[in-house]
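This report refers to the structure that appears directly beneath it.
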There are 2 protein chains.
Amino acid sequence: MNDDRPPGRSPRAKTGGAGRVRDPEQTRERILDAARDEFSAKGLSGARVNTIAERAGVNKQLIYYYFDDKERLYGAVLERAYRDIRKQENALDLDALSPEDALRRFIHFNFDYTVKNRYFVALLNDENLHKARHAKVNDRIPALQSTMKRTLARVIRRGLEDGSFRREADPVELYISIASLCYFFLSNRHTLSVIFNVDLLESDRIEARRDHVTEMVLSYLRSVPAAPPGQHKT
Amino acid sequence: MNDDRPPGRSPRAKTGGAGRVRDPEQTRERILDAARDEFSAKGLSGARVNTIAERAGVNKQLIYYYFDDKERLYGAVLERAYRDIRKQENALDLDALSPEDALRRFIHFNFDYTVKNRYFVALLNDENLHKARHAKVNDRIPALQSTMKRTLARVIRRGLEDGSFRREADPVELYISIASLCYFFLSNRHTLSVIFNVDLLESDRIEARRDHVTEMVLSYLRSVPAAPPGQHKT
DNA sequence: GTCAGTATCAACCAAGCGGTTGAAAGCGTC
DNA sequence: GACGCTTTCAACCGCTTGGTTGATACTGAC
């Protein structure tokens, strides 16, 4: 705070008859919604606090009141995004399905989630531009994730046991590949559209892509490896 | 231009004995190099023209002299990046290799290219944030790409003919998947590192990932499809 | 040597922007 | 009704930034 500023503010005109609305919970959520839209459209550096306030329909000072500054607002948006996807992932209940159906369920979830929540893709891209410095100071994010890694490891093991899978995939590598296949076509849809002169989000195309991704992952797990995974060349 | 500005500039002090260096070609390249580094580190919105000038070791006005404005500078960086990768891709000479070796060569090229040229990944991410508005106004970018699509289509066909491949993959989908697998782990390495608590760019890990990507793509092509690709659910 | 154009320079400017300030309205408790 | 705290408001501020300006040095042609 600038403590040495002399008082100098002129008293402002009184408002008209309309009273103010007071609902701090809703105000906070509206700011987060507006911020999510603005940050995903323009990135942290390109987003404008004024625009966020306008989109939220609130006074700009409220953003500083609830979130301290732009960066912390961004961090709050990111955390809420992670919490949402993990909540939905944890609800998948993959252990109740056969290994192959579990994998299908997992892939379809990730694929459909990115298609429905494009903002998430844009936020992650931007967070990587900033070297994940907001995610790094958030304790809740890694904890949310490790359950999914273990779940995936169990699915792989169950598939090896019942013979539907024939290769012992590394769960981290597999997770990254599934995320890659589900994510990249959306994150890079604009440059890919320029290159291939197609609309990647046309609905038939999306469905074909989901099938393609599923086939690619399952055929990898079903096939006998040519060499042990993770073998090191020395 | 502000035509109504009165003359008011004080004559500046003469420089010391050192003369100016004049080499427009080198100056332009140095600006592009500096801009590439600054735009890939901070994005278009976060990058500073002053910083680009400093990194290039030139007067800021030169940026406007050669590139008109910040956006066109960004567009020039992007075009040069695309030109570089296409030039290297076109030098691969995949038609001279067996289908399987051609695919390996293609995958390894894309993988190693992103590992060596991280700026390219960051630039593409940023360009997608801006809906590829710079790439869209550039006529040279799509032309560079269509040769690779055709080359990939030939490789797929040759593989089907000699039996090393068993599925008629769509070349655009395949290209997107290969790019996905080669690109995402780098573009999202910061958030993935937070989530999995690993260093994805550790050299053993990179090599394992390249092998994993190769295996995933080849096993997909080798396997007999469970349903025809591109089948539409009606 | 002059000239015109090119390449480069230091300083400047107007607008935008993140964040702050003094104040008012609302609300629950006493 | 008073009070203290919370929530909200309009206006403001200092700094940053993309871009501009008038000028100078360099260079090749005549």
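The basis for the numbers below is simple: all heavy atoms, side chains too, and nothing from hydrogens, waters or symmetry mates. Nothing here was measured: the structure is a model prediction, and the numbers come from that model. Just so we're on the same page: letters track the sequence lines, and every chain starts at 1.
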Exercise. Taking atom C1' of D:dG18 as reference, at what distance in whole Å does atom NZ of B:Lys60 sit?
Worked result: 6 Å
For this session: Would you check if the distance from the ring center of A:Phe184 to the ring center of B:Phe185 is below 6.0 Å?
Result: no
Exercise. Starting at CD of B:Gln61 and ending at P of D:dA25, how long is that distance when rounded to a whole Å?
Worked result: 16 Å
Exercise. For DNA chain C, whose closest nucleotide is more 5', that of B:Val58 or that of A:Lys70?
Worked result: B:Val58
Problem set entry | Cation-pi geometry met for A:Arg36 and A:Tyr119 (6.0 Å, 45°) | yes
Exercise. In whole Å, what is the span from the CZ atom of A:Phe67 to the C1' atom of C:dT20?
Worked result: 18 Å
For this session: Name the nucleic acid region contacted by A:Tyr66, choosing base, sugar-phosphate or nothing; use a 4.0 angstrom heavy-atom cut-off, strictly under.
Result: sugar-phosphate
Exercise. Can the ring centres of A:Phe67 and A:Tyr74 be said to be less than 6.0 Å apart?
Worked result: no
Exercise. A:Asp33 pairs by salt bridge (charged side-chain N to carboxylate O under 4.0 Å, His left out) with which of A:Arg28, A:Arg55, A:Arg80?
Worked result: A:Arg80
Exercise. When the ring centroid of A:Tyr183 is compared with that of A:Tyr113, is the distance short of 6.0 Å?
Worked result: no
Exercise. Any side-chain N or O of B:Arg48 under 4.0 Å from OP1/OP2 of D:dG18?
Worked result: yes
For this session: Give the rounded distance in Å between these two atoms: CG of A:Asn50 and P of C:dG18.
Result: 7 Å
For this session: Map B:Arg22 and B:Glu71 onto DNA chain D by nearest heavy atom, then report which one ends up closer to the 5' terminus.
Result: B:Glu71
Exercise. A:Ala53 near the nucleic acid: base, sugar-phosphate alone, or nothing, with a heavy-atom cut-off under 4.0 Å?
Worked result: nothing
Problem set entry | Nucleotide C:dT8, atom P - distance to CZ of B:Arg30 in whole Å | 10 Å
For this session: Send over the distance from B:Asn59 CG to D:dT20 P, rounded to a whole Å.
Result: 14 Å
For this session: Quickly work out the A:Tyr74 OH to C:dG18 P distance and round it to whole Å.
Result: 15 Å
Seminar exercise, completed: In whole angstroms, the gap separating P of D:dC26 from OH of B:Tyr65 amounts to 16 Å
Problem set entry | Side-chain N or O of B:Thr27 closer than 4.0 Å to phosphate OP1/OP2 of C:dT8 | yes
